[in-house]
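Here's the structure, in structure tokens; my notes come after.
Chain identifiers are assigned alphabetically (A, B, ...) following the order of the sequence lines, protein sequences preceding nucleic acid strands; residue numbering begins at 1 within each chain. From a predicted model like this one, the values you see are computed outputs, not experimental measurements.
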Amino acid sequence: MAGIKIDPVIKGGMELKAEGTTVYISGCVNHPSPGMFIEPFITEVHNKILEKKIKEIVVNITDLRFLNSAGIRELVDWVMKLSALEEGKKYKIKFLCSSEYQWQESSMTTLVYLSPECTSKETANPLE
Amino acid sequence: MEIKYQRNTNGYLDITFHPKWDYIAITRLYVENFLLINMADKENIHKVGTAASELLENANKFSIENGIRMIVKKSKVDKIVLLSVFNKTTKENAEKLMKRIEEMDKWDSLDYYIYRMKESVKNKKESSQLGLARINHEGQAQISAFFDKEEGVIEVKAIFCI
């Protein structure tokens, strides 16, 4: 399957990168304006997914230790943008979470509520 | 000089610091470590730690004078943890925040969180204003606020059943 490759963004205590059909968000998002770094990255990811007609992408946050509410807003923005696409262009996002960081369970569950048809959540096996 | 603290608790923490954003993350980690004493449930510890971070971020954004105070108290009698954050702010900011809490209390916590998520992306020039809804829903905390008009200090309190 054709994938995407975007150079890693390492800023404000977080690392963002995209390889194949997986987006990795790791580190700790507690910057007052994380949108400065996250929004341009997500926009590029979103545009490349559409360009390459990818139908499913995994957002791996298993190494994301903390995400403040300003960071959550960036993911909300992505999900809302995705939901607003016309049917044929829509793709699916699967958030891959870690049971080690308890906030991920509740935050990502709520995010999936926003658009259950386009998003899902899975908890990675810690032994893998 | 008297060192004030509250007796008869399972743990009492009182921190005052200059509102420098960089201190929020280390304070969250410190709070989580503080709660590990006498508390076993990691989920509850994370809930309080996340709430501390969100309230400190708000205090940092809306503080009009240097200095933020945070108190964490583990009750000896009830299974509750109390988290309070204090900062100086304007009457307008305080009223806005108290109205937000009043509005939130009328909603189901999940519905309100989703509503705030949708609102937060409409105007990205403003702050996300998701923090209280997040504490309310993810932390299942009871949130209240009190504004001391004479001192110009607002206290935002979150009570967690553990």
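Distance check, rounded to the nearest 0.5 Å: CZ of A/R73 to CD of B/E119 gives 11.5 Å.
For B/K79, the NZ atom is loosely surrounded, since the number of other residues' heavy atoms within 6.0 Å does not exceed 12. The neighbour count for A/K11 NZ, taken as heavy atoms of other residues, nucleotides or ligands under 6.0 Å away, does not exceed 12. Surrounding CG of B/N123 are more than 12 heavy atoms belonging to other residues, nucleotides or ligands, all under 6.0 Å away. Heavy atoms from other residues, nucleotides or ligands lying under 6.0 Å from CD of A/E39 number more than 12.
Clustering ILVMFWY residues whenever any of their side-chain heavy atoms sit less than 4.5 angstrom apart, transitively, puts B/F146 in a cluster other than the one holding B/I154. Hydrophobic clustering places A/M36 together with A/F41 (ILVMFWY residues linked when any side-chain heavy atoms are closer than 4.5 Å, directly or through intermediates). Cluster annotation: A/V59 and A/Y91 are assigned to the same hydrophobic cluster (Ile/Leu/Val/Met/Phe/Trp/Tyr, side-chain heavy-atom contacts under 4.5 Å, transitive). Note: the hydrophobic cluster containing A/V79 also contains A/W103 (ILVMFWY, side chain heavy atoms under 4.5 Å, direct or indirect links). Both B/I135 and B/M98 belong to a common hydrophobic cluster when Ile, Leu, Val, Met, Phe, Trp and Tyr are linked at side-chain heavy-atom distances under 4.5 angstrom.
Side-chain contact between B/E138 and A/S107: present, with at least one pair of heavy atoms (C-beta onward) separated by less than 4.5 Å.
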Side chains of residues 23-40 of chain B: which donor-acceptor pairs under 3.5 Å do they make with residues two or more places apart or in other chains?
unit_1, atom_1, unit_2, atom_2, d
B/T27, OG1, B/Y23, O, 2.6
B/N33, ND2, B/L29, O, 3.1
B/N38, ND2, B/N10, O, 2.8

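For chain A, the nearby part of B/E126 is the backbone; its heavy atoms alone come within less than 4.5 Å. If you measure heavy-atom distances from B/S53 to chain A, the contacts under 4.5 Å come from the side chain alone.
B/E54 and A/S69 make their closest contact through OE1-OG, 2.7 Å (heavy atoms, listed as atom of the first residue, atom of the second, distance). Considering every non-hydrogen atom in both B/H46 and A/E100, the closest pair reads NE2-O, 4.3 Å. B/W21 approaches A/N30 most closely through the heavy-atom pair NE1-O, 2.5 Å.
Listed in order of number, the residues of residues 109-118 of chain A that approach chain B to under 4.5 Å between heavy atoms are A/T110, A/L111, A/Y113, A/L114.
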side-chain hydrogen bond (donor to acceptor under 3.5 Å, both in side chains) between A/S106 and B/R134, worked out: CA-CA 9 Å; A/S106 48; B/R134 185 183 194 190; over 6 Å; no

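When A/P32, A/A70, A/G13 are compared by the number of non-hydrogen pairs under 4.5 Å with chain B, A/P32 comes out ahead.
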